[in-house]
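Read through the structure below, which is laid out as structure tokens, and then see the notes.
Residue numbering restarts at 1 for every chain, and letters A, B, ... go by the order of the sequence lines. Any value given below was found using the heavy atoms of this structure, including those in side chains, with hydrogens, waters and symmetry copies removed.
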Amino acid sequence: MIDIKKLITNAEEMQQNCINRHLDIDIKQVITLYEQQKGLKQELDQLRAKRNEVAQSMKGKMSPEERSVLIEKGKALKEELGEKEEGYKEVKEEYQTQLLQIPNYTAPDSPIGGEEDSTELKRVGEIRKFDFPVKDHLEIGYALDLLDFEAGAKVAGQKFYFLKNEAVLLELALVQYAIKKVMSKGFIPHITPDMARTSVVEGIGFNPRGESTNIYSIENQDLCMIGTSEITLGGKYADTIFKEEELPLKVAGFSHCFRTEAGGAGRESKGLYRVHQFSKVEMFAICKPEDAEGFLEDFLKIEEEICQELNIPYRVLDIASADLGNPAYKKYDIEAWLPGRDKYGEITSTSNCTDYQSRRLNIKYKNKDNETKFVYMLNGTAIAVPRIIISILENFQNEDGSVDLPEVLHPYMGMKKIERK
RNA sequence: GGAGAGGUGGCCGAGUGGUCGAAGGCGCACGCCUGGAAAGUGUGUAUACACCAAAAGUGUAUCCAGGGUUCGAAUCCCUGUCUCUCCGCCA
């Protein structure tokens, strides 16, 4: 959520920002609604003041005649209030819905444009040249008896899957490796609920219901399946005021993530790349405004370190305006080289969301001058399991069908490669 | 799942429908006292929004949430929610 007062002073900048983000939003209209809402509120406040005054004046003893005059006066005010309140409520609701749709500001150094305009900052790691026909992760996974999409579909539907045999160990190994890694970087690890209240999901900036939602919701309950533990970690701190010395707060979450992928059918959707459920370790930080930019770079570094330790060749993208999503002010993605697709594919994403989420979730801190200010919030992927599994299977496949495992995983796997049966 | 009890300020806790933004205590802040500290003592101590150039001040809202009754609700009614206790079920 955006600060309305700031918005009024830089309405044009935000209007351009919406254009850059390919959003059809009329900033002027939102400001008009705000003014209307404010005016109505003032009228209401005056009426209420009168009502309170009348009620106060009736406290003492008085003759029945005097009293009945005042009661009539009160009744009239009550009626007037009731009517005004209705109008105010309508305008206020419209204002609030529109305000919530306004995206965050965009970092001045983020590229402007759509997906194709994201800037490639660097490439790291050698792309392997294969002297045998390359297989994609599905072929490899089925040959090694690691995957079962048919059973997933039978039990839960399209894009659900079973992991089997070494793939199970691999998921557990990746999770444990990632948790230890982020702990070594000072993050407090959490296993979070896989569901969250609708209000929490909204607070983080996801749209829980409606046609284009990517979120599963539970029928007849105020609950959603989370799309990332960012939701539960952020929700944990809703309505909190931190002391300055408690910041920065660095936490990590392990959870299952659920995404409907509505409208995403067919698009890069082969195999494990785009699924309805997956496991993920997520980094999350709450900090003072001045620390946020540094943290974003830190998050990226950790993500790179993980890719490097896993020997996955990757590139880093500075994400362009239209691809940021509403909450992010600036975002870096890491894309792994995936030989089975013969191109890069996104495996991590880290964002500086500034105070966009903390305004909705009401997360603040008290600074040295005892002023209460909104915190800044950041998030970043440590490991999104299925896409790392794809990267490993495809990059480290051998001609005989076996797959070498990255050295850092050997202790967790209890093996160095996945052999053909 | 059944039965009951309860949600009041940073915390504890009082509160007959009007004098309640809310007693009292703790904590916290500042002062006095002291050689210094403790004890004692005095004062202050919520948030949001609006008006105001700003401060001061004023108004409105907030006693879990949402509705309702009433001229007037922390207080009465309904619904939801959360916590606790007991019973049942269960890995």
By the 4.0 Å heavy-atom rule, please label A/Asn52 as base, sugar-phosphate, or nothing.
sugar-phosphate
What distance, rounded to whole Å, do you find between the two P atoms, one in B/rA14 and one in B/rA54?
43 Å
Looking at A/Lys73, I'd like to know whether one of its side-chain N or O atoms comes within less than 4.0 Å of OP1 or OP2 on B/rC71.
no
Whole angstrom value for the distance that separates P of B/rU60 from NZ of A/Lys84:
16 Å
Interatomic distance where CG belongs to A/Asp45 and C1' belongs to B/rA48 [whole Å]
12 Å
Counting only Watson-Crick or G-U wobble pairs whose two distances fall under 3.5 Å, which nucleotide matches B/rU16?
none
The nucleotide from B/rC51, B/rC71, B/rC82 with an atom nearest the side chain of A/Gln42 is B/rC51
Calculate the interatomic distance between A/Phe242 atom CZ and B/rG10 atom P; express it in whole Å.
16 Å
Looking at A/Lys50, does any N or O in its side chain come under 4.0 Å of the phosphate oxygens OP1/OP2 on B/rC71?
no
Between A/Lys5 and B/rA50, does any side-chain N or O lie under 4.0 Å from OP1 or OP2?
yes
For B/rU34 and B/rA50, measure between their P atoms and round to the nearest Å.
49 Å
Measure from CD on A/Glu371 to P on B/rA48 and round the result to the nearest Å.
11 Å
Does A/Ile191 have more than 12 heavy atoms from other residues, nucleotides or ligands lying within 6.0 Å of its CD1?
no
Taking B/rA22 as the reference, what is the distance to B/rU47 when you measure between their P atoms (whole Å, please)?
15 Å
Taking atom C1' in both B/rU60 and B/rG21, compute the distance separating them and give it to the nearest angstrom.
13 Å
Of the nucleotides B/rC51, B/rU19, B/rG67, which one has an atom closest to the side chain of A/Gln56?
B/rU19
Phosphate OP1/OP2 of B/rA61: any A/Arg51 side-chain N/O under 4.0 Å:
yes
Verify the neighbour count for atom CD of A/Glu150: are there more than 12 heavy atoms of other residues, nucleotides or ligands below 6.0 Å?
yes
Length of the line joining A/Leu223:CG and B/rU81:P, which is rounded to integer Å
11 Å
With rounding to the closest Å, how many angstrom separate the C1' atoms on B/rG4 and B/rA91?
28 Å
Could you identify the nucleotide paired to B/rC84, looking across every strand shown and requiring Watson-Crick or G-U wobble geometry with both distances under 3.5 Å?
B/rG4
Suppose you measure atom P in B/rC64 against the same atom in B/rA74; what distance do you get, rounded to whole Å?
10 Å
Taking a pair to mean Watson-Crick or G-U wobble geometry with both distances below 3.5 Å, B/rG59 pairs with B/rC49
Which of parallel (below 30°), tilted (30 to 60°) and perpendicular (above 60°) describes A/Phe258 and A/Tyr216?
perpendicular
Please report, rounded to the nearest Å, how far the P atom of B/rG72 is from the CG atom of A/Leu47.
13 Å
Once you round it to whole Å, what is the distance between C1' of B/rU62 and CG of A/Asn362?
13 Å
Under 6.0 Å from the CD atom of A/Glu305, do we count more than 12 heavy atoms belonging to anything else shown?
yes
B/rC90 pairs with which nucleotide, Watson-Crick or G-U wobble, both distances below 3.5 Å?
none
Taking the same atom, P, in B/rU16 and in B/rA23, what whole-Å distance lies between them?
15 Å
When A/Ile4 and A/Ala55 are each assigned the nearest nucleotide of RNA chain B, the 5'-most assignment goes to A/Ala55
Name the nucleic acid region contacted by A/Lys78, choosing base, sugar-phosphate or nothing; use a 4.0 angstrom heavy-atom cut-off, strictly under.
base
Using only atom types and a distance under 3.5 Å, with no angle test, would you say the side chain of A/Asn104 pairs donor to acceptor with the backbone of A/Cys353?
yes
With both distances under 3.5 angstrom, what nucleotide forms a Watson-Crick or G-U wobble pair with B/rA29?
B/rU43
Residue-phosphate contact under 4.0 Å: A/Lys41 side-chain N/O, B/rC49 OP1/OP2:
no
Could you tell me whether the phosphate oxygens of B/rU60, OP1 or OP2, come under 4.0 Å of any side-chain nitrogen or oxygen in A/Tyr88?
no
Residue pair A/Lys75/A/Gln46 against RNA chain B: nearer the 5' end by closest nucleotide is A/Gln46
To the nearest 0.5 Å, atom CE of A/Met14 lies from atom SG of A/Cys18 at 6.0 Å
Kindly check if the number of other-residue, nucleotide or ligand heavy atoms within 6.0 Å of CD (A/Glu290) is above 12?
yes
Paired with B/rA73 by Watson-Crick or G-U wobble geometry, both distances under 3.5 Å: which nucleotide is it?
none
Could you give the distance separating B/rA56 and B/rA48 at their P atoms, to the nearest angstrom?
14 Å
Atom CZ of A/Arg48 and atom C1' of B/rU70: how far apart are they, to the nearest Å?
16 Å
